[in-house]
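What you are looking at is a predicted structure, and each value in this text was computed from that prediction instead of being measured. Only this structure's heavy atoms are used, side chains among them; waters, hydrogens and symmetry mates stay out.
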Amino acid sequence: MKKLESREDIEHLVNSFYAKVVKDETISFFFNDIAKVDWDKHLPKMYSFWESILFGQMSYKGNPMGVHFPINEIQAMEQKHFDRWLELWRTTIEENFVGENADMAIYKSENIAKLMAFKMELARRL
């Protein structure tokens, strides 16, 4: 097992994670059917997002919440979906990496998922 310490490591992590996501019965439909994700565009954004989160590179430009609200309007993004996302993310990290940045990637993802789940639920109530 290696430490999570470079952009290349993040690319490996993100690619491995989304390889699971696109096959997952619980959440794949958000990506494949609703958002119809263009993976050639989405993956580099996710590399930059996690590079910014973990390494402070500030290479990510975007609004993650803003992108998810329209999806949430079409199909509710519920706690169970965020729980599954977290489970796949955590498993992918634990299969590939160890160390402080791997732990931080799990910690940060938990915070992101909590905030997103809260905001998606709140948006559905309004």
Checklist entry - Residues sharing Met1's hydrophobic cluster, by side-chain heavy-atom contacts under 4.5 Å among ILVMFWY, directly or via others? => result Val98
Common cluster, [X]/[Y], ILVMFWY with side-chain heavy-atom separation under 4.5 Å:
X: Val67; Y: Phe118; result: no
X: Phe29; Y: Met77; result: yes
X: Ile112; Y: Tyr107; result: yes
X: Met116; Y: Phe69; result: yes

Next on the checklist: I'd like to know if the side chain of Asp9 and the backbone of Ser6 have a donor-acceptor N/O pair within less than 3.5 Å.
Outcome noted: yes
Checklist entry - Is a side-chain N or O of His68 found less than 3.5 angstrom from the main chain of Met65, in a donor-acceptor match? => result no
Is there a side-chain contact between [X] and [Y] (heavy atoms, below 4.5 Å)?
X: Leu4; Y: Leu54; answer: yes
X: Trp39; Y: Val22; answer: yes
X: Phe31; Y: Lys36; answer: no
X: Tyr47; Y: Ser59; answer: no
X: Phe82; Y: Lys114; answer: no

Checklist outcome for this item: For Gly66 and Pro70 the tightest heavy-atom approach is O-CD, 3.1 Å
Checklist entry - Closest approach of Thr26 and Lys80, non-hydrogen atoms and distance? => result CG2-O, 4.4 Å
Gap between atom [atom2] of [Y] and atom [atom1] of [X] - 0.5 Å precision:
X: Lys3; Y: Asn101; atom1: NZ; atom2: CG; value: 9.0 Å
X: Glu78; Y: Asn72; atom1: CD; atom2: CG; value: 9.0 Å
X: Lys23; Y: Asn32; atom1: NZ; atom2: CG; value: 11.5 Å
X: Ser48; Y: Arg7; atom1: OG; atom2: CZ; value: 4.0 Å
X: Leu115; Y: Asn111; atom1: CG; atom2: CG; value: 8.5 Å
X: Lys2; Y: His12; atom1: NZ; atom2: NE2; value: 9.0 Å

Item to check | Residue pair Asp33, Gln75: steps toward the side chain to side chain contact (heavy atoms under 4.5 Å, CB included) verdict | outcome: CA-CA 11 Å; Asp33 303 327; Gln75 174 66 49; over 6 Å; no
Item to check | Donor-acceptor pair between Asp83 and Gln79 side chains, under 3.5 angstrom | outcome: yes
Checklist entry - Hey, are Ser52 and Gln57 close enough side-chain-wise for a donor-acceptor pair under 3.5 Å? => result no
Next on the checklist: Taking side-chain contact (heavy atoms from CB on, under 4.5 Å) as the criterion, tell me which of Ile93, Leu88, Leu86 meets it with Arg90.
Outcome noted: Leu86
Item to check | Listed partners of Thr92 passing side-chain contact (heavy atoms from CB on, under 4.5 Å), at least two apart | outcome: Leu13, Ser16, Phe17, Lys20, Asn96
Next on the checklist: With side chain to side chain contact (heavy atoms under 4.5 Å, CB included) as the criterion, how do Phe55 and Ile10 come out once you've worked through the C-alpha distance, each side chain's angles and the decisive distance to 0.1 Å?
Outcome noted: CA-CA 10 Å; Phe55 304 143; Ile10 287 174; 3.3 Å; yes
Item to check | With Trp50, the ring pair (Phe, Tyr, Trp, His ring centres under 6.0 Å) member among Phe97, Tyr18, Trp89 | outcome: Trp89
